[in-house]
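Inspection log for the structure reproduced underneath, given as structure tokens.
The figures that follow rest on heavy atoms only: side chains count, while hydrogens, waters and symmetry mates do not. Residue numbers run from 1 in the order of the sequence given. All ligand and atom numbering here is 1-based and tracks the order in the structure.
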Amino acid sequence: MIPQLALFILQGLTPKKHEVKIVEEEYMQLDLDEECDVVGISCMTSNAYRGYRIADAFREKGKKVVMGGVHPSLLPDEALAHADAVVIGEAEGVWEKILEDIESDNLQQRYHEPNPDLDRYIPKDFSTLSKKRMYNLVPLQTSRGCPYDCDFCCVSNIFGKKIKLIPVKHVVKDIQTSGARNFIFLDDNIIGHKKYARELFTALIPLKIRWIGQSSISFARDLELMKLAKKSGCKGLFIGLESVLDTNIHQYNKLKSLEDTQQSIRKILKMGIMIQASVIFGFDDDTHETFGQTIKFLRKNRISVASINALTPYPGTRVFDKLKEAGRLLHEKWEYYDHHTVVFQPKNMTPLELQIGKIKAKTDFSKIFSIAERILGNLRMPVYYIAANLGYRRLAIAENRRMREFASHQLPDGSDGMDWRHI
Ligand code: B12
Ligand code: SF4
């Protein structure tokens, strides 16, 4: 339901003399016989192979292919086996140059601009979306870069550790020209720069929009900022808790303390802002007990919805390097590097146990009883709460069904079937 902002930025950067067509494969059919001169492809790790297949197909037809986005930025050499050129990091300041270089037959293989000028406004044409897909959330971005540099994350590697800001007036212009009412801020942390966040939320108030975004849990420590966010239309925040075990907290250094986290959750929910908590299973401290303990924590604290993931050692992160060095990667087939599939040997259990434990945790969290119990903390937004939970419940049921089919047909040791519910 959320279009890729990168594609609209590329369209906005393209000089008017060129014609641009955006194809989002999530909901559009790609035509490999499309009449065009240049094909730009954006991908992350899990869909990199698909991106490469598309790149190969277009190159066979003589088109120039340029790849960009998270995965090509992390592994440009790999991408260059399929593309004529790769953009490492941001497109601003290089896309126009690439088009010029193609026109003058002087295309280089790598392009990288570490400090693009974000003060320049780039027009984004969301008009096709708002007409055809009224239920879309229109994507906005206010910042890039993250100072935290967590072991399992590639963001500071690609966008730097310093937070780079997009002027508030540009964000307001994007909102006004879109004509939409529902937005998502794609920033890793919408309150990463407090002074800027204050300025932004204040500017949003008269626009009367609804928005969701991502933030760190420290949001709850600033009551004034929370009130301002609420007033500006904030309906929900995606918050990375990652682990609710004390040992992991110290190892990954994300949360202050469990007590502090619980208090923060209470404050945010009380403000009428839904919390989508992200948790990850598979850290070295995790045991068989971690699944149950985590779900108990999420339920007790009335978390609105949860994104329950398997630790994924994405290339370009320290977790990847460590697990690779220890010989603990099961394979490097990128299509399985998707947060859903276990791709490494966990420390205290088998990969299958981690996979099943994660799916069971998801299923437990989305049981009707759990939804009914957690609504008590979400009474200020019951409609959003129920709609979101039913959506997540559907996903959990589908994942659970696929796991049962897998477990009863294809055991790694060749035996047929197992009763995985006892794990
Ligand atoms: C917002 C977000 C989401 C939103 C996506 C909404 C949407 N449809 O846009 C939601 C929450 C839905 C989401 C889901 C997922 N996400 Co996400 N997401 C992000 C986040 C925070 C921002 C991405 C973004 O849009 N940024 C804004 C745009 C403008 O930046 P950009 O895409 O990087 O584009 C710039 C450049 O890269 C470049 N560029 C990009 N493409 C191209 C192409 C060409 C040709 C050129 C020249 C340049 C270029 O130009 C752009 C402007 O400078 C990133 C973290 C991050 N900071 O990157 C994680 C991130 C991309 N997500 C990640 C993951 C794993 C996922 C999921 C697989 C998780 C899951 N299992 O649920 C899913 C996949 C969903 C899907 N089907 O695509 C990982 C990817 C890691 C990896 N190595 O692949 C990241 C990096 C998070 C992380 N910390 O690890 N995500
Ligand atoms: S996980 Fe979040 S806080 Fe940690 S480095 Fe990545 S974007 Fe920053």
Report task. Test N47 against D338 for side-chain contact (heavy atoms from CB on, under 4.5 Å), laying out the working first. Result -> CA-CA 9 Å; N47 57 14; D338 60 358; over 6 Å; no

**Report entry** L75/H71 under side-chain contact (heavy atoms from CB on, under 4.5 Å): CA gap, chis, key distance, verdict
**Finding:** CA-CA 6 Å; L75 299 179; H71 192 79; 3.6 Å; yes

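S304 places a side-chain heavy atom less than 4.5 Å from the side chain of L269. C36 places none of its side-chain heavy atoms less than 4.5 Å from the side chain of K21. At a threshold of 4.5 Å between non-hydrogen side-chain atoms, the residues I175 and L204 count as touching. Put simply, the side chain of Q214 does not reach to within 4.5 Å of the side chain of F185, judged on heavy atoms.
Residue nearest to atom 51 (C) of ligand 1, selected from P116, A6, S46: A6 (by heavy-atom distance). The option from T45, V87, V94 that lies nearest to atom 47 (C) of ligand 1, judged by heavy atoms, is V87. Comparing Q141, E90, E113 against atom 27 (C) of ligand 1, the shortest heavy-atom distance belongs to Q141.
Counting protein heavy atoms under 4.0 angstrom from atom 73 (C) of ligand 1 gives zero. Inside a 4.0 Å radius of atom 44 (C) of ligand 1 there is at least one protein heavy atom. Within the 4.0 Å cut-off (strictly below), a protein heavy atom is located near atom 49 (C) of ligand 1.
Residue-ligand proximity, V66 to ligand 1, at heavy-atom distances under 4.0 Å covers atoms 45 (C). Listed by atom number, the atoms of ligand 2 under 4.0 Å from Y148 heavy atoms are 3 (S). Shown in contact with I9 at under 4.0 Å from a heavy atom are these atoms of ligand 1, numbered in order with element: 29 (C). Listed by number with element, the atoms of ligand 1 under 4.0 Å from a non-hydrogen atom of L10 are 43 (C), 44 (C), 45 (C), 46 (C), 47 (C). Interface atoms of ligand 1 facing G40, defined by a heavy-atom separation under 4.0 Å, are 45 (C). Listed by atom number, the atoms of ligand 1 under 4.0 Å from Q214 heavy atoms are 21 (C). Residue C146 has at least one heavy-atom neighbour below 4.0 Å for each of these atoms of ligand 2: 3 (S), 5 (S), 7 (S), 8 (Fe). Listed by atom number, the atoms of ligand 1 under 4.0 Å from F159 heavy atoms are 33 (O), 58 (O). Shown in contact with V155 at under 4.0 Å from a heavy atom are these atoms of ligand 1, numbered in order with element: 55 (C), 56 (C), 57 (N), 89 (N). Of all atoms in ligand 1, numbered sequentially from 1 with element shown, those under 4.0 Å from a heavy atom of G69 are 37 (O), 39 (N), 40 (C), 41 (N), 42 (C), 49 (C).
At a 4.0 Å heavy-atom cut-off, ligand 1 does not touch Y337 at all. If you look at V70 next to ligand 1, the close heavy atoms, those under 4.0 Å, all belong to the side chain. The proximity of D338 to ligand 1, defined as any non-hydrogen pair under 4.0 Å, is limited to the backbone. Residue I2 touches ligand 1 through backbone and side chain together, judged by heavy-atom distances below 4.0 Å. At a heavy-atom distance under 4.0 Å, no atom of C146 approaches ligand 1. Contact annotation for H340 and ligand 1: only side-chain heavy atoms (C-beta onward) come within less than 4.0 Å of the ligand. Proximity of C150 to ligand 2, defined as any heavy-atom pair under 4.0 Å, is shared by backbone and side chain alike. In N189, neither the side chain nor the backbone holds a heavy atom less than 4.0 Å from any atom of ligand 2. Neither the backbone nor the side chain of F238 has a heavy atom within less than 4.0 Å of ligand 1.
Classified by interplanar angle (parallel below 30°, tilted 30° to 60°, perpendicular above 60°), the ring pair Y49/Y52 is tilted. Between Y337 and F320, the ring-plane angle classifies as tilted under the 30° and 60° cut-offs. The aromatic rings of W211 and F201 lie parallel to each other, their planes meeting at an angle below 30°, with 60° marking the opposite boundary.
Between D284 and the options K347, K322, R328, a salt bridge (charged side-chain N to carboxylate O under 4.0 Å, His left out) holds for only R328. In summary, of the residues considered (V38, D84, L13, V87), a side-chain contact (heavy atoms from CB on, under 4.5 Å) with I98 occurs for V87 alone. A salt bridge (charged side-chain N to carboxylate O under 4.0 Å, His left out) with K17 holds for exactly one of E103, E100, E96; it is E103.
The closest side-chain donor-acceptor pair between Q108 and N106 falls under 3.5 angstrom. Using modelled atom types, one finds no donor on one side chain facing an acceptor on the other under 3.5 Å when comparing T287 with N348.
Given atom 15 (C) of ligand 1, the protein heavy atom at minimum distance is M44 CE, 4.5 Å. Scanning the protein for heavy atoms near atom 41 (N) of ligand 1, the closest one is S42 OG, 2.7 Å. For atom 53 (O) of ligand 1, the closest non-hydrogen atom on the protein side is E92 OE1, 2.7 Å. Among protein heavy atoms, the minimum distance from atom 90 (O) of ligand 1 is reached at C154 SG, 4.2 Å. The closest protein non-hydrogen atom to atom 57 (N) of ligand 1 is D188 OD2, 2.8 Å. Here the protein heavy atom with the shortest distance to atom 77 (N) of ligand 1 is E26 OE2, 2.8 Å. Scanning the protein for heavy atoms near atom 38 (C) of ligand 1, the closest one is G89 O, 3.4 Å. Counting only heavy atoms of the protein, atom 1 (C) of ligand 1 lies nearest to L186 CD2, 3.5 Å.
Under the 4.0 angstrom criterion for non-hydrogen atoms, C150 is not in contact with ligand 1. At least one heavy atom of C153 sits less than 4.0 Å from an atom of ligand 1.
For Q4, a nitrogen or oxygen atom sits less than 3.5 Å from a nitrogen or oxygen atom of ligand 1, counting backbone and side chain alike. Distances between N or O atoms of A91 and those of ligand 1 include at least one value under 3.5 Å. Distances between N or O atoms of H339 and those of ligand 1 include no value under 3.5 Å.
A cation-pi contact, defined as under 6.0 Å to the ring centre and within 45° of the axis, is absent between R374 and Y385. Annotation: cation-pi geometry not satisfied between K97 and Y111 (NZ/CZ under 6.0 angstrom from ring centroid, within 45° of ring axis).
Judged by distance alone, the side chain of N189 and the main-chain N or O of S216 form a donor-acceptor pair under 3.5 Å. Put simply, the side chain of Y27 never gets that close to the backbone of P3: no donor and acceptor are under 3.5 Å apart. The closest donor-acceptor contact from the side chain of R144 to the backbone of K164 lies at 3.5 Å or more, if one exists at all.
The structure places CD of E399 at 8.0 Å from OG1 of T341, a figure rounded to the nearest 0.5 Å.
If you look at H82 and F58, their ring centroids are not closer than 6.0 Å.
The nearest N, O or S atom of C153 is not closer to atom 4 (Fe) of ligand 2 than 2.8 Å.
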